[in-house]
*Asks:* 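Attaching a single structure in structure tokens format; questions to follow.
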Amino acid sequence: MAFWRSKNTVSDDSSAADSQNTPTQGQAPDVAKKSGGGLLSKMRAGLQKTRRTLNTDIRDLFKSEGRLVDDALLSELFAKLIRTDMGIGPAETIRDDVATRLRGRVVQFDEVVQTITDQTRSMLQQESTALNLADAPPTVILVVGVNGSGKTTSIGKLANHLHQSGKKVVLGAGDTFRAAAVEQLTVWAGRIGCDIVTGKPEADPASVAFQTVQQAIDTGADIAIIDTAGRLQTQTNLMQQLEKIRRVVEKKIEGAPHEVLLVLDSTAGQNAISQARGFSEAAKCTGIILAKLDGSAKGGVVLPIREQFQLPVKFVGLGEGIEDIAPFDPASFATALFSE
């Protein structure tokens, strides 16, 4: 088991990490640099591919003089909405709301988009996007997800977000079966300036989790974030490993883990639904990080996730930089998804 306090510089060995997802020198902005423009601007930037596809498709339904809201328009609108991977249920709800409000009227594109935005905002409402924090630190956050979902990258972004807000963070490199994941997370820790605990290759992930929580206690850290091996939701034995990790950390801190965040790849579209179903049951997930929104025209997938699982979306990944993560805000998301 290895532990060290990360510095704010990264050695030349960082080149061994995943070149596409690791913030090597010159690739990601300085972590201390505050992103400008506010939450809505970040949401708009992250959702631009989805928004452009939607607005182009919907605008094509209208003529300059407007269009009558009838069955033909509603059917075409439904087909356009489906393209965002929001699923049949949410698309039907939005279509039916447009019908209720506007049927029989000749309307312009902007009026329909505003109606869709209002309904989407309502559908995305949730009690809270805030992290569940322990009554007394450290708070333990377990992060799960399939390989390629953006899990380790999302952990780095989340750790930086919390670090910048004044929290002392310890990372646990629990994906011991993938050397690149440990290297990648080590580079993230170096850029952020937070502590990290690692184990030997193919070590028991539960032992890394145990040592991470112990290190957080010993150093007075506010939050311990533990990576886990990327695993398919159908692999029962690996899901049992998640249960073991839960039992181990709870031995150290009653009630831990306080959050189990599922990272979903928004580019996976409807396949993200099956991921959410498997992990939400096996890992007892408490929230979702929706990753890679900037690389997809499938941003509507958040709607069926909220509809079917009632898991709160806590954060969204909006770019490749270390600062490109934001707490999920339904109003900003709905506006950024549809409005120019």
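Quantities reported herein were computed from a predicted structural model and do not represent experimental measurements.
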*Asks:* Less than 4.5 Å apart, any side-chain heavy atom of R101 and any of V69?
*Replies:*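 Of all side-chain heavy-atom pairs linking V69 with R101, none is under 4.5 Å.
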*Asks:* Is any side-chain heavy atom of T153 less than 4.5 Å from a side-chain heavy atom of I322?
*Replies:*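 No, side chains not in contact.
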*Asks:* Answer yes when R83 and D57 have at least one side-chain N-carboxylate O distance shorter than 4.0 Å, and no when they do not.
*Replies:*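 Yes.
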*Asks:* Could you measure the distance from the CD atom of E259 to the CD1 atom of I289? Nearest 0.5 Å is fine.
*Replies:*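 Those atoms lie 9.0 Å apart.
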*Asks:* For L68, look at atom CG and say whether over 12 heavy atoms of other residues, nucleotides or ligands are found less than 6.0 Å away.
*Replies:*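 More than 12 heavy atoms, drawn from other residues, nucleotides or ligands, come within 6.0 Å of this atom.
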*Asks:* Hey, any chance I305 and F333 share a hydrophobic cluster, counting ILVMFWY side chains that come within less than 4.5 Å of each other, even indirectly?
*Replies:*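 Yes, it is one cluster - the side chains of I305 and F333 are joined through contacts under 4.5 Å.
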*Asks:* Is a side-chain N or O of T212 found less than 3.5 angstrom from the main chain of V197, in a donor-acceptor match?
*Replies:*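 No; judged by distance alone, with no hydrogens or angles, the pair does not exist.
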*Asks:* Of all heavy-atom pairs between S154 and V263, which one has the smallest distance, and what is that distance?
*Replies:*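 Closest heavy-atom pair between S154 and V263: OG-CG1, 3.8 Å.
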*Asks:* Below 4.5 Å, heavy atoms only, C-beta onward: do F62 and V107 meet side chain to side chain?
*Replies:*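 They are in contact (side-chain heavy atoms under 4.5 Å apart), so the answer is yes.
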*Asks:* Just so I know, are the side chains of F177 and P205 near enough to count as touching, which here means a heavy-atom distance under 4.5 Å?
*Replies:*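 SC-SC contact between F177 and P205 confirmed.
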*Asks:* Atom NZ in K151, atom CG in D227: separation rounded to 0.5 Å?
*Replies:*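 Rounded to the nearest 0.5 Å, the NZ-CG separation comes to 3.5 Å.
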*Asks:* How far apart are the closest heavy atoms of T286 and K314, and which atoms are they?
*Replies:*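 Minimum heavy-atom contact is O-CE, 4.0 Å.
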*Asks:* Do F328 and F315 have side chains that approach each other closer than 4.5 Å (heavy atoms only, starting at C-beta)?
*Replies:*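 No, every pair of side-chain atoms sits at 4.5 Å or beyond.
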*Asks:* More than 12 heavy atoms of other residues, nucleotides or ligands under 6.0 Å from CD of E254: yes or no?
*Replies:*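 Counting other residues, nucleotides and ligands, CD of E254 stays at 12 neighbours or fewer.
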*Asks:* Within a 6.0 Å radius of atom CG on D218, are there more than 12 heavy atoms belonging to other residues, nucleotides or ligands?
*Replies:*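 Enclosed: over 12 neighbouring heavy atoms sit under 6.0 Å from CG of D218.
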*Asks:* Shared ILVMFWY cluster between I288 and V144, side chains joined below 4.5 angstrom?
*Replies:*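 Yes, because I288 and V144 connect within a single hydrophobic cluster, where side-chain heavy atoms sit under 4.5 Å apart.
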*Asks:* I need the minimum non-hydrogen distance between K80 and L61, along with the two atoms involved.
*Replies:*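 Looking at all heavy atoms of both residues, the shortest contact is CE-CD2, 4.0 Å.
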*Asks:* What's the separation between atom CG in L73 and atom CZ in R67, rounded to the nearest 0.5 Å?
*Replies:*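 Taking CG in L73 and CZ in R67, the distance rounds to 4.5 Å.
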*Asks:* Could you report the tightest heavy-atom contact between V143 and T228, atom names first, then the distance?
*Replies:*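 Of all heavy-atom pairs spanning V143 and T228, the closest is O-OG1, 2.8 Å.
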*Asks:* Indicate yes or no: at least one non-hydrogen side-chain atom of H258 is less than 4.5 angstrom from one of L142.
*Replies:*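 No, their side chains stay 4.5 Å or more apart.
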*Asks:* Please name the pair of heavy atoms, one in A203 and one in T176, separated by the smallest distance, quoted to 0.1 Å.
*Replies:*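 Between these two residues, the closest heavy atoms are O-OG1, 2.6 Å.
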*Asks:* What are the two closest non-hydrogen atoms of V313 and Q126, and how far apart are they?
*Replies:*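 Closest heavy-atom pair between V313 and Q126: O-NE2, 2.9 Å.
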*Asks:* I'd like to know if D265 and K292 make a salt bridge, using a cut-off of under 4.0 Å between side-chain N and carboxylate O.
*Replies:*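 Yes, charged N to carboxylate O under 4.0 Å.
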